[in-house]
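What follows is a short report on a single structure.
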Number of protein chains: 2
Amino acid sequence: MDLKTLLSTKGLKSTKQRDVIIQEFLKLKEHVNIDALYQKVKAKHPTIGYATVYRTMKLLKECGMASERHFGTRQALYEPHHETAHHDHLICVKCNKIIEFENEKIEKLQDVIAKKYGFRLESHKHELYGTCSQCKK
Amino acid sequence: MDLKTLLSTKGLKSTKQRDVIIQEFLKLKEHVNIDALYQKVKAKHPTIGYATVYRTMKLLKECGMASERHFGTRQALYEPHHETAHHDHLICVKCNKIIEFENEKIEKLQDVIAKKYGFRLESHKHELYGTCSQCKK
DNA sequence: ATTAGTGCAAAGTATTTGCAAGAAA
DNA sequence: TTTCTTGCAAATACTTTGCACTAAT
């Protein structure tokens with residue numbers, strides 16, 4: 001199902017602004033903050049406002065197309081949401097590089113922990129902070 | 001080494017306000033936000049200002065006596081820092097209850113992952129979000 | 001005496017919201 | 001032509017900072 005169809009099933013409208021934001025968002029590989037995304041979008045659609053970017057990202061979150069992250073800071077970072085394989089993050093405290101990782105064993109251990117405390121798990125965050133190989137030098 | 005000595009080695013002063021804040025902070029079992037801590041402290045020392053609480057918590061963070069957390073929200077939560085056993089968190093998305101857990105196997109797997117990517121690990125966050133046993137009913 | 005800390009209010013971030021005008025259905 | 005969306009500015013929530021005064025060393 002494409003975005004336009006998805007929006008219309010929710011009684012929402014497809015607009016030029018939304019198209020550009022989503023296009024630019026999906027194009028980016030790294031985790032992006034609102035400000036950087038706003039700059040990218042502004043280049044294609046100069047009259048766009050900050051609020052529209054915020055509102056669109058909120059919409060994408062709710063549609064399950066984007067995930068919001070807070071790597072220790074107040075500021076939110078966004079990434080496209082992958083339904084399939086969940087991944088977690090290694091963050092370099094020196095250069096802020098972000099590397100994604102997946103670990104099946106950890107995922108399973110999480111289920112064990114949740115069960116032990118009677119939780120029904122919905123999501124998780126696992127972030128490892130340290131110094132990357134380049135910054136160690 | 002007590003706090004007063006610790007402060008003096010850094011050329012910092014021991015004050016009534018800091019004493020009260022630290023005393024109230026250590027007394028609390030749960031993760032606490034600045035507002036709740038401010039209220040507690042105000043009961044013992046009515047003229048205290050918000051800024052002093054913020055500044056003192058920042059100081060405690062830097063001294064390694066407190067950790068700051070952001071469980072998905074903008075607002076920071078603080079907990080006393082335990083040098084010894086690191087623990088992580090299970091958070092109920094319905095009632096916001098926070099349960100601490102430790103898992104040796106996961107800690108070890110983290111080291112394996114860090115090594116794989118050439119990271120020197122400094123810290124980590126591992127948060128499991130879900131519905132607790134009471135809220136499931 | 002000197003230096004650091006306090007309380008206040010003002011400023012700073014990051015994000016959200018009200019509203020009139022504009023665009024999509 | 002109705003309803004949703006936009007852009008702007010103002011509002012909000014949390015946190016930090018400048019400054020004159022006060023307290024600790």
Side-chain angles (χ1 to χ4, degrees), chain A residues 2-25 31-39 41-63 66-78 96, chain B residues 2-25 31-39 41-63 66-78 96:
Chain A
D2 71 344
L3 183 75
K4 192 164 179 173
T5 316
L6 177 65
L7 289 172
S8 76
T9 59
K10 304 197 178 210
L12 299 173
K13 289 169 180 170
S14 169
T15 67
K16 188 84 201 312
Q17 288 89 333
R18 285 181 180 165
D19 285 351
V20 176
I21 293 167
I22 292 161
Q23 185 186 321
E24 290 300 313
F25 173 60
H31 297 71
V32 68
N33 62 35
I34 291 286
D35 195 58
L37 185 57
Y38 171 75
Q39 299 303 333
V41 170
K42 204 177 173 63
K44 296 241 171 163
H45 194 297
T47 62
I48 204 144
Y50 249 97
T52 302
V53 181
Y54 271 106
R55 285 189 277 230
T56 303
M57 290 316 292
K58 191 178 179 189
L59 198 63
L60 293 187
K61 249 193 303 178
E62 289 163 3
C63 294
S67 307
E68 186 179 310
R69 298 269 166 182
H70 290 259
F71 295 115
T73 61
R74 234 179 301 176
Q75 187 176 245
L77 294 184
Y78 296 87
N96 296 313
Chain B
D2 70 346
L3 183 75
K4 193 164 180 173
T5 315
L6 177 64
L7 288 171
S8 75
T9 61
K10 304 196 176 206
L12 300 173
K13 289 168 181 171
S14 169
T15 67
K16 187 81 203 313
Q17 287 88 334
R18 285 180 178 168
D19 285 352
V20 176
I21 293 167
I22 292 162
Q23 186 186 318
E24 290 300 314
F25 173 60
H31 296 71
V32 68
N33 62 35
I34 291 286
D35 195 58
L37 186 56
Y38 172 75
Q39 298 304 333
V41 171
K42 203 175 172 66
K44 296 239 173 166
H45 195 298
T47 63
I48 204 145
Y50 252 99
T52 302
V53 181
Y54 271 105
R55 285 189 278 230
T56 303
M57 291 316 292
K58 189 178 181 189
L59 197 63
L60 293 188
K61 249 194 302 178
E62 288 163 3
C63 293
S67 307
E68 187 179 309
R69 299 267 166 185
H70 290 261
F71 295 115
T73 62
R74 233 180 300 177
Q75 186 176 245
L77 294 184
Y78 296 88
N96 295 312

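To find a chain, count down the sequence lines: A is the first, B the second, and so on, and within it residues start at 1.
- Side-chain contact check for B/Lys16 versus B/His45: some heavy-atom pair is nearer than 4.5 Å.
- Between the side chain of B/Thr15 and the backbone N or O of B/Arg18, at least one donor-acceptor pair lies under 3.5 Å.
- At least one donor-acceptor pair closer than 3.5 Å links the side chain of A/Ser8 to the backbone N or O of A/Thr5.
- Nearest-nucleotide assignment on DNA chain C puts the 5′-proximal partner with B/His45, out of B/His45 and A/Ala76.
- Minimum atom distance to the side chain of B/Lys13 is reached by D/dT25, of the listed D/dC4, D/dT25, C/dA9.
- Summarising the geometry, the separation between CG on A/Asn33 and P on C/dA14 is reported as 8 Å, rounded to the nearest angstrom.
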Step-by-step side-chain contact (heavy atoms from CB on, under 4.5 Å) determination, B/Leu77 to B/Glu68: CA-CA 6 Å; B/Leu77 294 184; B/Glu68 187 179 309; over 6 Å; no
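- Taking atom CD on A/Gln75 and atom C1' on C/dG12, their separation rounds to 14 Å, with Å as the unit.
- Looking at heavy-atom distances under 4.0 Å, A/Thr47 makes contact with sugar-phosphate atoms alone, never a base.
- Two residues, B/Lys61 and A/Gln17, neighbour DNA chain D, and the one matched to the more 5' nucleotide by heavy-atom proximity is A/Gln17.
- Counting atom types as modelled, B/Lys58 pairs no side-chain N or O with a base atom of D/dT16 as donor and acceptor under 3.5 Å.
- Per the geometry, CZ belonging to A/Arg18 stands 10 Å off P belonging to C/dA25, to the nearest Å.
- Close to D/dC14, at under 4.0 Å from its OP1 or OP2, lies no side-chain N or O of A/Arg74.
- Listed for the A/Thr52 side chain is no donor-acceptor partner under 3.5 Å among the backbone atoms of A/Ile48.
- The nearest whole Å value for the distance from the CG atom in A/Leu7 to the P atom in D/dT5 is 8 Å.
- Phosphate proximity of C/dT6 to B/Arg55: absent, as no side-chain N or O sits under 4.0 Å from OP1 or OP2.
- Atom NZ of B/Lys42 is separated from atom C1' of C/dT6 by 13 Å (rounded to the nearest Å).
- For B/Tyr54, a side-chain nitrogen or oxygen approaches OP1 or OP2 of D/dT15 to under 4.0 Å.
- Taking atom OH of residue B/Tyr38 and atom P of nucleotide D/dT15, one finds them 15 Å apart after rounding to whole Å.
- Residue B/Leu37 contributes atom CG, which lies 15 Å from atom C1' of D/dT15 at whole-angstrom precision.
- Of the residues near DNA chain C, B/Ser14 and A/Ile34, the one whose nearest nucleotide (by heavy atom distance) lies more toward the 5' end is B/Ser14.
- To the nearest angstrom, C1' of C/dA24 lies 19 Å from NZ of A/Lys10.
- A/Thr15 has no side-chain polar atom (N or O) that falls below the 4.0 Å cut-off from OP1 or OP2 of D/dT5.
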